[in-house]
Amino acid sequence: MGNLRELSPYAAEDAAGFVESMRRLKELSGMTFRELEEQAGRNGDVLARSTLADVLRRDRLPRPDVLAAFVRACGDGQRVGDWLDARERIAEGGGRGVDAPAPSPAASASPPAPSGDDEEVNAVGQDGEEAVPGASTPGRRRRSVLALAAVALLLVAGAGVWAWQSGTEDARDGASDDAPVANGERRAPVDGWVTIRPAGHAGLCLTDGRDRRGAYDSAVAVHLPCAEVPVPRTYLEPAGAGLYRIQWHHPELGKGCLTVLGDGPVKGMLEPRDDCANATLFRPEPAPEGSGAAGAYRFRTVPGAQCVGTADDSVAEGVEAVQEPCADAGDSLDQYFVVRAD
């Protein structure tokens with residue numbers, strides 16, 4: 001295997017260049033299409049080699065889920081977020097020819113709109129074809145567009161900085177709770193196989209168990225000693241735009257994605273469900289400095305725009321995880337979790 005770090009996803013300026021970077025990543029991985037398909041399966045992803053071959057043969061941006069599975073299979077899982085970010089920038093007409101993204105407080109917080117059939121984004125941009133807004137065009141027009149965009153960014157930069165700094169307060173008021181964060185904001189420290197532990201209680205892990213009242217027949221998310229619960233394993237899957245799915249992989253029960261229960265005797269608790277496409281998405285938000293939860297994250301739910309905490313606001317063995325209104329770290333330390341690579 002070559003040095004994957006020598007390849008930057010941000011080097012591409014358009015879809016054709018991005019796919020070329022993907023081809024280079026495959027080359028550096030030293031893996032065949034079949035081997036990538038098999039590795040993706042071991043990662044808990046689905047990546048058919050026929051689909052991958054088609055993606056790498058065309059100059060069109062891949063779907064985010066295909067890209068994430070491919071990058072993880074190649075062994076570059078630590079940078080899945082960077083690859084997704086670079087893809088979104090190109091899809092939105094903001095591709096850059098540098099090795100890292102420049103800070104842009106006023107960047108759009110919305111993910112690219114999906115095409116009607118959820119296929120790859122067209123990046124050719126020629127007459128008679130479906131084009132991505134802002135995709136590569138002849139040099140003079142592109143330079144003019146970029147110049148105008150630069151002026152616009154300068155004019156709104158101050159307002160953009162204020163908007164991001166006040167975004168947390170807005171979310172508490174319910175004004176923008178369900179809006180995904182901007183590219184690069186509030187990413188989890190690691191994706192892939194992880195453990196999720198309540199802050200200040202390193203010996204406990206968020207895993208499957210039963211509600212203490214025995215009111216529900218299925219498993220729900222509870223806190224149990226990590227050493228006693230080797231399964232299910234937890235997989236933090238990037239879903240794009242700073243959002244994640246929390247997957248559980250059980251050797252007998254298979255994969256389930258944590259979903260907030262909307263009704264019944266355990267309303268608000270989290271259950272692993274087979275339907276990952278409709279599972280709850282989670283937005284990680286780092287704990288503020290001086291909160292007593294340094295390095296920890298809380299998980300804001302989408303939809304719902306609340307936070308994952310614990311029943312009775314207490315962290316102890318057997319206590320269930322629940323969706324509840326978000327609160328300051330000083331008042332609700334039980335809403336913060338440490339995410340570690342597993």
Side-chain angles (χ1 to χ4, degrees), residues 44 188-237 244-253 255-262 264-273 276 279-288 291-302 304 306-342:
V190 64
D191 55 56
W193 297 109
V194 300
T195 59
I196 300 178
R197 306 168 184 245
H201 297 76
L204 296 178
C205 283
L206 187 67
T207 186
D208 70 342
R210 301 288 173 168
D211 71 289
R212 289 170 293 174
R213 293 181 300 160
Y216 197 57
D217 292 335
S218 297
V220 294
V222 303
H223 293 302
L224 293 174
C226 302
E228 299 177 10
V229 285
V231 295
R233 293 188 69 192
T234 300
Y235 193 90
L236 198 59
E237 176 198 11
Y244 293 78
R245 294 183 186 90
I246 300 178
Q247 300 179 2
W248 281 353
H249 290 255
H250 195 284
E252 297 178 359
L253 303 178
K255 181 177 73 173
C257 293
L258 288 190
T259 304
V260 176
L261 294 167
V266 290
K267 179 180 179 179
M269 293 186 186
L270 283 67
E271 177 187 24
R273 291 191 169 179
C276 289
T280 301
L281 296 176
F282 300 90
R283 181 194 310 164
E285 300 177 346
S291 64
Y297 286 72
R298 70 179 176 186
F299 290 94
R300 189 181 292 269
T301 58
V302 177
Q306 298 191 62
C307 288
V308 177
T310 57
D312 308 324
D313 294 331
S314 63
V315 179
E317 181 177 343
V319 174
E320 305 90 344
V322 297
Q323 175 182 257
E324 61 184 15
C326 301
D328 292 332
D331 299 327
S332 293
L333 192 59
D334 67 298
Q335 292 184 354
Y336 285 87
F337 298 86
V338 175
V339 181
R340 298 180 181 176
D342 184 17

Apply side-chain contact (heavy atoms from CB on, under 4.5 Å) to residues His223 and Asp334 and explain how you reach the verdict.
CA-CA 11 Å; His223 293 302; Asp334 67 298; over 6 Å; no
Would Tyr216 and Glu271 satisfy side-chain contact (heavy atoms from CB on, under 4.5 Å), going step by step from the backbone distance to the final call?
CA-CA 10 Å; Tyr216 197 57; Glu271 177 187 24; 3.0 Å; yes
Checking Thr234 against Trp248 for the side-chain contact (heavy atoms from CB on, under 4.5 Å) test, could you report, in this order, the C-alpha distance in whole Å, the side-chain angles of both residues, the deciding distance, and whether it holds?
CA-CA 5 Å; Thr234 300; Trp248 281 353; 3.4 Å; yes
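Glu320 places a side-chain N or O within 3.5 Å of a backbone atom of Arg212 that can act as its donor or acceptor partner. Arg298 places a side-chain N or O within donor-acceptor distance of the main-chain N or O of Ala327, the cut-off being under 3.5 Å. In this structure a side-chain-to-backbone donor-acceptor pair under 3.5 Å is present from Arg197 to Ala202. Put simply, the side chain of Thr195 never gets that close to the backbone of Asp342: no donor and acceptor are under 3.5 Å apart. A distance-only check finds no donor-acceptor pair linking the side chain of Asp208 to the backbone of Ala219 [under 3.5 Å].
Closest heavy-atom contact between Pro325 and Gln306: N-OE1, 2.9 Å. The two residues Ser314 and Val319 come nearest to each other via the heavy atoms O-CG1, 3.3 Å. Here the closest non-hydrogen pair linking Gly262 and Lys267 is O-CE, 3.3 Å. Between Ala296 and Tyr336 the shortest heavy-atom distance is CB-CB, 4.0 Å. Considering every non-hydrogen atom in both Arg300 and Cys326, the closest pair reads NH1-SG, 3.5 Å. Between Ala215 and Pro265, the shortest heavy-atom contact is O-CG, 3.5 Å.
Thr280 is not listed as a side-chain neighbour of Leu270, based on a closest heavy-atom distance of 4.5 Å or more. Side-chain contact check for Asp312 versus Thr310: every heavy-atom pair is 4.5 Å or farther apart. Side-chain contact between Val302 and Phe282 is absent, with no heavy-atom pair separated by less than 4.5 Å.
We find the CZ-CZ distance between Arg283 and Phe299 to be 13.0 Å, quoted to the nearest 0.5 Å. Considering CG of Leu224 and CD of Glu317, their distance stands at 6.0 Å, rounded to 0.5 Å. In this structure, CG on Leu261 lies 5.0 Å from CZ on Arg273, to the nearest 0.5 angstrom. Separating the CZ atom in Arg245 from the CG atom in Leu236 is a distance of 11.5 Å, to the nearest 0.5 Å. With values rounded to the nearest 0.5 angstrom, Gln323 atom CD is found 11.5 Å from Thr259 atom OG1. Note that the CG atom of Leu281 and the OH atom of Tyr244 stand 12.0 Å from one another [nearest 0.5 Å].
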